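Shown next, in structure tokens, is the structure this report addresses.
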Protein chains: 2
Amino acid sequence: MARRTPSAPELHRRAVATYVAAGGEESVQRVITAVQSLTKKLDQWYVRQLADLDMTAGEWAVVTSLAKAGEPLTPSQLADLTNVAPSSMTHRLDKLAGRGLIERTPDDTNRTRVFVSLTEEGWQLFSLAIRGSDVVESDVLQDLSDRERGELARLLEVVIDRLDDIDA
Amino acid sequence: MARRTPSAPELHRRAVATYVAAGGEESVQRVITAVQSLTKKLDQWYVRQLADLDMTAGEWAVVTSLAKAGEPLTPSQLADLTNVAPSSMTHRLDKLAGRGLIERTPDDTNRTRVFVSLTEEGWQLFSLAIRGSDVVESDVLQDLSDRERGELARLLEVVIDRLDDIDA
DNA sequence: TGCTAATATTTCGACATCGAATAGTTCGTA
DNA sequence: TACGAACTATTCGATGTCGAAATATTAGCA
């Protein structure tokens, strides 16, 4: 190996420095870069953990979207929510239905539409996986006090409140 | 359409509630879920912006990794940094090299290895894109004061400092 | 009613990604 | 030196994803 892979904090510092040098604003880049470093690590862990359940991240995204919605969703809505082309969703749903995790039911009021919902087995898999990932996520935040976690959540939620206004 | 797509804040609230109901801890889920909502939106914007430059997110990841490293990297290192299989990197590099954005040079001290570096054109594209994305990112943080941005960055950096210890 | 535009899902061909296998090189050590 | 284990990049076949086209249905309106 050429050189040991740099640590996450070191990569973060370099990234911020590089973006600032290229014309980015420091207060912005510190936050955005940190969010992305964190997500990247989380994604790696999720992929590994989901492999144990024989699932891809994309399939998991479908399951969580249905769980969060609390009601049936159409393939188009699922494609939107999971950032994927509608045509890709068809195949994903075929696969998930084949495993018995979701089911498709026709919408009687609009016959172009199909409703997708979690089966009992799908729900079981969902809560199993959540309890597993909560362990890792708690570890990630272990160095933050309760007050700090609250403050971190609050600041992020301020940002989120703006999100929809921007891409209009 | 069935029902209007819910707003980002609304989706966030539902997500936290669902995860907590499934056995997750609230202080954890508020933070983790918020980070992921934010990343998802950012990714959508990046994909759109990169499309203008005729690039995919994966190709952009290669360019930024090289820019941040500040020195040539091997295909394996790039695969690690961008969360992709080494075999996929071969094709990506072929494409980027075809466009003149990167170049491969053999390592004379170890003939199994190849060094990849940004060309002048690659650097130009990098700083062009950074200045573009910084605009959107600033918009995202517009509701936060300087002090709040600093605090947000600090808290995230505390989390990042722990990251490497966890997946050991 | 009848016609056009819009919506929703699926099919299709092209391309990106994956894991396994391949080929070549270096390192450790007997 | 000689041999085997470890490493590096690539090729290969299978699968997932994409955008465009096809199919079917609904909505708007003259």
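Being a predicted model, the structure only gives us computed values, none of them experimental. We name chains A, B, ... by the order of the sequence lines, and we start the count at 1 in each one.
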Subject >> salt bridge (charged side-chain N to carboxylate O under 4.0 Å, His left out) against B:E148, all qualifying residues, sequence neighbours excluded >> reply: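 B:E148 satisfies salt bridge (charged side-chain N to carboxylate O under 4.0 Å, His left out) with A:R154 once adjacent residues are dropped.
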Original post:
Who pairs with A:E26 by salt bridge (charged side-chain N to carboxylate O under 4.0 Å, His left out), at least two apart in sequence or on another chain?
Top reply: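 If we apply the salt bridge (charged side-chain N to carboxylate O under 4.0 Å, His left out) test to A:E26, skipping adjacent residues, there are no hits.
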How long is the line joining [atom1] of [X] and [atom2] of [N], in whole Å?
X	N	atom1	atom2	result
A:D107	C:dA8	CG	C1'	11 Å
A:L81	C:dA8	CG	P	14 Å
A:L50	D:dG16	CG	P	15 Å
B:L93	D:dT8	CG	P	15 Å
B:F115	D:dT8	CZ	P	11 Å
B:R104	D:dT8	CZ	C1'	13 Å

**OP:** Can you tell me which residue pairs pass the side-chain hydrogen bond (donor to acceptor under 3.5 Å, both in side chains) test with a partner in residues 100-110 of chain B, sequence neighbours excluded?
**Re:**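 Those involving residues 100-110 of chain B are B:D94-B:R104, B:D107-B:T109, B:D107-B:R113, B:N110-B:T112.
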**OP:** Give the other cluster members for A:V135, using side-chain heavy-atom distances under 4.5 Å between Ile, Leu, Val, Met, Phe, Trp and Tyr residues; answer none if it is isolated.
**Re:** none
Short heteroatom pairs, N/O only, protein and nucleotides 23-28 of chain D, under 3.5 Å:
{"from": "D:dT26", "atom 1": "OP1", "to": "A:R111", "atom 2": "N", "distance (Å)": "3.2"}

Salt bridge or not between [X] and [Y]? Use side-chain N to carboxylate O under 4.0 Å.
X	Y	value
B:R99	B:E121	no
A:K40	A:D43	no
B:E59	B:K95	yes

**OP:** Would you mind building the protein contact string for nucleotides 13-20 of chain C? One character per nucleotide, 5' to 3', B for base within reach (heavy atoms under 4.0 Å), S for sugar-phosphate only, - for untouched.
**Re:** ---SSBBB
Original post:
Do we see a donor-acceptor contact under 3.5 Å between the side chains of A:Y19 and B:E137?
Top reply: no
